[in-house]
Every structure is written in C-alpha cells, then in structure tokens.
Amino acid sequence: MQFDPAIAAQVAFKQAEEHHELGTAWVDAEEAEEVFSASAGEEARQAYDRLLEIGARYPDAAAYQEFLIYITWQQATEETVSMHFKKGVELCDQFLRRHLAETGEPGQRQVREIRASFKAGLGMAQDDELEGEFKRDAFHGGD
C-alpha cells in the first residue's frame, strides 16, 4: 500500500465528524474510537465491534465507512485471522459499490489498494468481477 491506514483512519474519522455523518451516534463513536486507539486485546476488540455496529446503522456515511475499512486493517494486523480480512473485503466492496459514482480520490484509490491487501491476506486473486467493474467505471486518459 502506498499509504498508512492508521493515518488514513484518523483523516476519515475527522471528516466524518466535520460532515456530521453520524448525528447523535457521534458521541458513542468517539468514545469507542478512543478505546480502540488507546488499547489492545479484548478491550480494543470490543471497541472495534461497537464501531462496526455504528457503521451498520449509517451505511451512507462515506467517511465513516472509509474509517471502518482502515481500522479493520489495523485489527487484521493486530489479530491476524481470516475473519478480519473477510470483513475488510466486505467493507471495501460495500464502500466502492455505494460511493463509486462520487469523487472519492484519494479515498477510492486507497480503498482499492487496501481491498487488494485484504484479498491477498486471504490468498485470493486480485482481479475479480467487482474489480473489473471498478476498472470499467474508472476514468481513463482521454475520457
């Protein structure tokens, strides 16, 4: 990857706050993020699960969904189990399907990069039907 997921997570979380993406759930997200960032092990895992639960309630919150992708990478590096890599692919796919028409650079580029890393962690080929769709929809020189 050509970026640091931890820094990208901080940027996306700040954007989610600035855009008021979570409404009244922001306080809960902020508390869970503080625990996630400051701890490890079971406490961090529980905070991560809370953050995912909030995300499930706000699927259109683009910056927050991007944040979830990046912290899932952090979780996968902390606890290297296939469940986190699968969740990462799932979150990336949902994000890209929902926000493909929006101009999300560098976010979309980063999400595509991290998606490839999640897939590599699962031993999956990088080119698949969804990736082909993203490539077809991407602007090319002269478009």
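This structure is a prediction, so every number in the text was calculated from the model and none was measured.
- Under the 4.5 Å side-chain heavy-atom criterion for Ile, Leu, Val, Met, Phe, Trp and Tyr, I69 and M124 are members of the same hydrophobic cluster.
- Across every non-hydrogen atom of A8 and Q110, the tightest pair is CB-NE2, 3.7 Å.
- Summarising the geometry of E78 relative to G41, their closest heavy-atom pair is OE2-N, 4.1 Å, with the distance given to 0.1 Å.
- Across R98 and P59, no two heavy atoms sit closer than the pair CD-O, 3.1 Å.
- Between the side chain of E21 and the main chain of A63, a donor-acceptor pair closer than 3.5 Å is present.
- Y48 is listed as a side-chain neighbour of H84, based on a closest heavy-atom distance under 4.5 Å.
- Nearest heavy-atom pair across V35 and A47 is CG1-CB, 3.7 Å.
- Between I114 and T72, every side-chain heavy-atom pair lies at or beyond the 4.5 Å cut-off.
- Taking the side chain as every heavy atom from C-beta outward, Q75 and E79 approach each other to under 4.5 Å.
- Counting only distance, with no hydrogens or angles, the side chain of Q108 and the backbone of L96 share no donor-acceptor pair below 3.5 Å.
- Counting heavy atoms from C-beta on, the side chains of Q10 and K14 never come closer than 4.5 Å.
- The shortest distance between side-chain heavy atoms of I7 and F3 does not fall below 4.5 Å.
- The hydrophobic clustering, which links ILVMFWY residues whose side-chain heavy atoms are closer than 4.5 Å, places V11 and V111 apart.
- The shortest non-hydrogen separation linking P5 to W73 is CG-CD1, 3.5 Å.
- Here the straight-line distance linking atom CD of Q94 with atom CG of L68 works out to 10.0 Å at 0.5 Å rounding.
- Atom CZ of residue R112 and atom OG of residue S117 lie 14.5 Å apart, to the nearest 0.5 angstrom.
- Put simply, CZ on R45 and CG on D49 are 4.5 Å apart, with the number rounded to the nearest 0.5 Å.
- Other residues, nucleotides and ligands contribute only 12 or fewer heavy atoms inside 6.0 Å of the CD atom of Q2.
- Between F67 and Y64, a ring centre-to-centre spacing shorter than 6.0 Å is recorded.
- Under 3.5 Å, the side chains of E66 and Y70 contain a donor-acceptor pair of N or O atoms.
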(message) Pair K86, E90 - check salt bridge (Lys or Arg N to Asp or Glu O under 4.0 Å), show working.
(response) CA-CA 6 Å; K86 288 176 184 175; E90 175 189 326; over 6 Å; no

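- Separation of atoms NZ (K87) and CZ (F118) is listed at 11.0 Å; rounding is to 0.5 Å.
- To the nearest 0.5 angstrom, F36 atom CZ is 4.5 Å from I71 atom CD1.
- Between V89 and K119, the shortest heavy-atom contact is CG2-CG, 3.6 Å.
- Note that CZ of R115 and CG of L91 are 12.0 Å apart. Values are rounded to the nearest 0.5 Å.
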